[in-house]
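In what follows, a single structure is set out as structure tokens and then discussed.
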Amino acid sequence: MKENIALREPINYFLCPKFEKTFSFLGKKWNGLIIDVLLQEGALRFREVARQIPKCSDRVLVERLRELEDDGVVIRKDYPNSSLIEYSLTDQGKELAPIMHAIHSWSEKWYPSTES
């Protein structure tokens, strides 16, 4: 028996602003990889992050790290009397771990080839 479509409530396809913002920063080129590297490696210096993502230019990496810092996902730690600067994830950034794991699982299932 066919369901009466007119009795169903219409579906609201407008994106929630928070959902849209999340996908905006996760979907921005290099952000996901930066987050993934920091999840896997912990606190890293700029050069160490850059080595892990060699196709990302230094200029873009600096830009993305600043944006992720502004979004509260990454923290930049300066050490007094030293040129040492480290980047790590905030608690907010660390909470992305299950999401990143799910993305890895999904991509392994649907993109099994290692070709670029």
Exercise. In the single-linkage hydrophobic clustering (I, L, V, M, F, W, Y; side-chain heavy atoms under 4.5 Å), do Ile53 and Val62 co-cluster?
Worked result: yes
Considering only distance and modelled atom types, tabulate donor-acceptor pairs under 3.5 Å from the side chains of residues 98-108, sequence neighbours left out.
from   : atom 1 : to     : atom 2 : distance (Å)
His104 : NE2    : Asp36  : OD1    : 3.2
His104 : NE2    : Asp36  : OD2    : 2.9
Ser105 : OG     : His101 : O      : 3.2
Ser107 : OG     : Ile103 : O      : 3.0
Ser107 : OG     : His104 : O      : 3.0

For this session: Could you tell me whether the side chains of Tyr87 and Glu48 share a donor-acceptor contact shorter than 3.5 Å?
Result: no
Exercise. Does CD in Glu95 sit with more than 12 non-hydrogen atoms of other residues, nucleotides or ligands closer than 6.0 Å?
Worked result: no
Exercise. Salt-bridged, Asp71 to Lys28, with N to O below 4.0 Å?
Worked result: no
Exercise. Is any side-chain heavy atom of Ile85 less than 4.5 Å from a side-chain heavy atom of Phe46?
Worked result: no
For this session: Treat each ILVMFWY residue as a node, draw an edge where side-chain heavy atoms are under 4.5 Å apart, and state whether Val60 and Leu68 are in one component.
Result: yes
Exercise. Which residues pass the side chain to side chain donor-acceptor pair (under 3.5 Å) test with Asp78, sequence neighbours left out?
Worked result: Arg76
Exercise. Do Arg64 and Leu33 have side-chain heavy atoms sitting under 4.5 Å apart?
Worked result: no
For this session: For the pair Glu69 and Arg66, find out whether any cationic side-chain nitrogen is under 4.0 Å from an anionic carboxylate oxygen.
Result: no
For this session: Show the numbers, then the answer: is there a side chain to side chain contact (heavy atoms under 4.5 Å, CB included) between Arg47 and Asp58?
Result: CA-CA 9 Å; Arg47 278 284 130 231; Asp58 287 353; 2.4 Å; yes
Problem set entry | Leu39 reachable from Val37 in the ILVMFWY side-chain graph, under 4.5 Å edges | yes
Seminar exercise, completed: Residues Ala43 and Glu86: closest non-hydrogen pair is CB-OE1, 3.9 Å
Exercise. Does Asn31 reach the main-chain N or O of Leu26 with its side chain, forming a donor-acceptor pair under 3.5 Å?
Worked result: no
Exercise. Is there a side-chain contact between Val49 and Leu38, using heavy atoms and a 4.5 Å cut-off?
Worked result: yes
Exercise. To the nearest 0.5 Å, how far apart are CZ in Arg51 and CD in Glu41?
Worked result: 11.0 Å
Exercise. Side chains of Trp30 and Leu61: does their closest heavy-atom pair fall under 4.5 Å?
Worked result: no
Exercise. Can you find a heavy atom in the side chain of Val74 that is under 4.5 Å from one in the side chain of Thr90?
Worked result: no
